[in-house]
Each structure stands twice: as C-alpha cells, then as structure tokens.
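For reference, the structure discussed in these notes is given below.
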Amino acid sequence: MTRRRTPRTSVIRLTTGRTARTLLHPYGHREPVLALDFGAACVLVTTAGPVTADDLTFARQLAHEAARYARSVERTYRALTGDHEMTQQGRAA
C-alpha cells in the first residue's frame with residue numbers, strides 16, 4: 001500500500017453489531033456493488049464506470065484486508081472468550 005500524500009480531514013467510524021451486514025449485488029449488466037450496511041448508515045462500494053485494472057487491484061486489496069480483519073477479530077474473540085474451537089456457524093455469524 002502506498003503512503004497517503006494528503007492528510008485525512010475526517011474519519012467515519014462505523015461499528016459492527018447484530019444489525020451490521022455485508023451484501024454483494026453482482027449485476028450482470030453493470031458494475032457490481034458491495035454494500036456495508038450498519039442499519040442507520042450504508043456504505044456502497046463500486047467502480048466509477050467500466051471495470052479497470054485499478055478496480056481489480058482495489059477489489060483484491062479489499063478482499064485481502066477483509067480476510068486479515070476477520071482473522072484478527074476471530075483471534076481476539078477466542079482470546080476473550082476462551083472459545084478455541086468455534087463451530088463453522090459461529091465463524092459465519
């Protein structure tokens with residue numbers, strides 16, 4: 001990942017919980033949309049037009065970081081609860 005050239009002017013924090021969910025809308029005739037739904041707020045991730053190599057790179061980075069996030073949350077959950085043998089259903093929840 002490259003270093004930011006401009007400083008952030010704001011940060012939006014959206015926390016997960018029972019109502020948070022992710023949805024993929026894989027439209028066959030146009031660009032897909034990934035929705036991060038937090039109940040009161042929804043973030044939509046899509047491309048600016050026809051899919052480009054940069055869009056593919058971003059999607060792969062997003063998938064990689066999301067997988068790292070999931071592993072980190074699982075590791076933290078296990079450490080806090082002592083649940084070292086989560087069921088597949090627990091992993092999906």
Side-chain angles (χ1 to χ4, degrees):
M1 194 173 215
T2 60
R3 180 175 222 160
R4 292 183 83 72
R5 293 185 181 176
T6 57
R8 286 188 180 96
T9 57
S10 62
V11 174
I12 299 170
R13 180 178 181 178
L14 301 168
T15 56
T16 60
R18 289 191 185 269
T19 61
R21 62 189 179 140
T22 58
L23 302 162
L24 174 63
H25 302 283
Y27 302 108
H29 59 283
R30 63 184 180 115
E31 297 76 20
V33 176
L34 175 65
L36 309 175
D37 187 352
F38 297 91
C42 184
V43 176
L44 302 179
V45 180
T46 191
T47 68
V51 175
T52 66
D54 289 338
D55 297 321
L56 181 56
T57 297
F58 176 80
R60 289 178 174 162
Q61 290 172 343
L62 179 63
H64 176 76
E65 294 302 324
R68 288 183 61 209
Y69 176 75
R71 287 190 300 272
S72 182
V73 169
E74 185 172 330
R75 189 171 37 255
T76 303
Y77 177 81
R78 287 179 175 185
L80 291 173
T81 65
D83 183 359
H84 296 287
E85 299 197 20
M86 288 178 59
T87 64
Q88 186 65 28
Q89 182 180 7
R91 285 190 182 121

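Numbering starts at 1 and runs along the sequence shown.
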List in chain and number order the residues that pass salt bridge (Lys or Arg N to Asp or Glu O under 4.0 Å) with R68, two or more places apart in sequence or in another chain; answer none if no residue qualifies. E65
Contact check, side chains of [X] and [Y], non-hydrogen atoms, under 4.5 Å:
X	Y	answer
L24	P32	yes
F58	T47	no
L36	L14	no

Can you name the side chain to side chain contact (heavy atoms under 4.5 Å, CB included) partners of T81, sequence neighbours left out?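 Scan of T81 (side chain to side chain contact (heavy atoms under 4.5 Å, CB included), adjacent residues dropped) gives Y77, D83.
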Please give the remaining members of the hydrophobic cluster of L23, linking ILVMFWY side chains under 4.5 Å, ordered by chain and number. none
Who else is in the cluster with V33 when I, L, V, M, F, W and Y are joined by side-chain contacts under 4.5 Å? Y27, L44
If the condition is side chain to side chain donor-acceptor pair (under 3.5 Å), which residues does R21 pass it with, not counting sequence neighbours?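 Partners of R21 by the side chain to side chain donor-acceptor pair (under 3.5 Å) criterion, ordered by chain and then number, come out as D37.
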Taking only residues two or more places apart in sequence or in another chain, which ones pass side chain to side chain donor-acceptor pair (under 3.5 Å) with T52? D55
Could you give the distance from CZ (R30) to OG1 (T46), rounded to the nearest 0.5 Å?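 Here the interatomic distance stands at 7.0 Å.
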Can you tell me how far the CG atom of L62 sits from the OH atom of Y69, to the nearest 0.5 Å? 13.0 Å
Can you check whether G39's main-chain N or O pairs, donor with acceptor, with T19's side chain at less than 3.5 Å?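 No.
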According to a hydrophobic-cluster definition based on side-chain heavy atoms being under 4.5 Å apart (Ile, Leu, Val, Met, Phe, Trp, Tyr only), do V11 and V43 belong together? no
